[in-house]
Peer 1: 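Just dropping this structure here.
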Amino acid sequence: SSSGHHLFFSEHPKKCIKPAEIQGNWPLDRAGSSRLFSGVPHIFAGLLRAFAKTTSGKGPHMPLTETRLRALKPKDKAYKVADDRGLYIEVSPAGGKLWRFRYRIGPVEKKLSIGAYPEISLKQARQTAYEARHKIASGGDPAMEKRKQKIRAEFLSAQTFEAVAREYIDQMMVQSGRADATIVKANFFLEQLVDAIGSRPIDDIEPFEVLAPLKRLEAKGKHETAKKTRSFASRVFRYGVATTRCKSDPTSMLRGALITPKAKHYAAILEPKELGGLLRAIQDYTGNFITRYALLIAPHVFVRPGELRHAEWKEIDLEEGVWRIPEGKMKSRRPHAVPLSKQVMGYLKELAEMVGTEGYVFPSARASVRPMSENTLNAAFRRMGFTKDEVTAHGLRATASTMLNESGLWNPDAIERGLAHGDSNAVRGVYHRGKHWEERVRMAQWWSDYLDTIRDGGKVIKGAFAGRG
């Protein structure tokens, strides 16, 4: 037809039938179609029958188009409209349109929910179905994998940085016996990060999110705190990786992003005459009597302030003259034995007569079940008139190390063992039967005698560096 319309031949030579007439007026069963096309050559009759079935909606399946999708209307019950090779769209009575993909794993039929239309377009749905078919061909199960991903996503969303960090502190620090001071510091570092990333799922955190609070610390001049906070965060992320809560440690990319703090040494008195003045000030201290005894003992034993504060009577053998510090209280995580001089034994016995021998040797003034606070000794030094640039409780270790080495009387290894800087072998030299013990016992008594001498204004050490025996 020159008009472009498709016409059908009938048994009446001069009558032409349009497709609309076929759909609306002619029966399309086998008998009816035979009558309709009885006058048409056989080769054309088959083609015309197929065309008629297609236009009536009962013939071969036609894939979906965007136009058809938009035209789908809700009905009283949900219904499905197929696209191709298992992909179909389900239309709910409320008008929602949900893509699904139907497939089989062995004899079992399964369905994969892809998403809603039009949020998921026809093209996207087909691509998802294509990828699902590839997974099936490789032995996978798309619906099962999606379910696992959903469960993991829900699990990870509850695994915030703060939750994992507190678990790390409890599981890896508290329960493993780390020193109280170390745990306090860990909680302090966590507090520096909570506002920025505490509520974020740990697996979603990006490097820049951790960098922001660290840079704020740097802006306040707290370079060392920023460095240690990053290190703490790194340990939490590595714990998260080990417990499958996150895939990597984002702080590993920040090592070059922070200012390297200058090495800062604890203020210490390194001149004997100045040390003598400090010892006299301690002798005349009029503050809390427990604080005074801690000040009297600290220069003699040169342990770390935290180790001194947490000393317990059960660790001290007043008959044998040994203080055995358990590994949980040591920075090195190894037990450490401290030989006690006659002077230290005398101070401890005097203190025991006043407070007894239960619990902490130096309890808090507010609650005897807790040790004295970490700032007590330094506060006492300030009260005596010494600034933080002149002396600190931790600096007493540097004082002892410097003067013992300058005396030339003692093996440097014995001095290092006395400072708990010994080798990493946890078996060698643990208690009084360990390496350098006898020399350390002699050195402890010599050191206490020397402190008494310079306190009373006697002879001081000159850097002799004599031969060591």
Peer 1: Under a 4.0 Å N-O cut-off, is there an ion pair linking Asp84 with Arg126?
Peer 2: no
Peer 1: Relative to the ring of Phe381, is the ring of Phe386 parallel (under 30°), tilted (30 to 60°) or perpendicular (over 60°)?
Peer 2: perpendicular
Peer 1: Check whether more than 12 heavy atoms from other residues, nucleotides or ligands sit under 6.0 Å from atom NZ of Lys228, and answer yes or no.
Peer 2: no
Peer 1: More than 12 heavy atoms of other residues, nucleotides or ligands under 6.0 Å from NZ of Lys314: yes or no?
Peer 2: no
Peer 1: Could you verify whether a donor N or O on one side chain and an acceptor N or O on the other, from Ser401 and Arg397, lie under 3.5 Å apart?
Peer 2: no
Peer 1: Distance alone, cut at 3.5 Å: any donor-acceptor contact between the side chains of Glu145 and Gln149?
Peer 2: no
Peer 1: Mind telling me whether Phe189 and Phe232 have parallel, tilted or perpendicular rings, with 30° and 60° as the class edges?
Peer 2: tilted
Peer 1: Under 3.5 Å, is there a donor-acceptor pair linking the side chains of Asn411 and Glu439?
Peer 2: no
Peer 1: Under 6.0 Å from the CZ atom of Arg370, do we count more than 12 heavy atoms belonging to anything else shown?
Peer 2: no
Peer 1: I'd like to know if the side chain of Gln124 pairs up with that of Glu119 as donor and acceptor (distance under 3.5 Å, no hydrogens or angles considered).
Peer 2: no
Peer 1: Using a 4.5 Å cut-off on heavy atoms from C-beta on, say whether the side chain of Arg102 contacts that of Lys80.
Peer 2: yes
Peer 1: Can you tell if the side chain of Glu438 reaches within under 4.5 Å of the side chain of Arg442, non-hydrogen atoms only?
Peer 2: yes
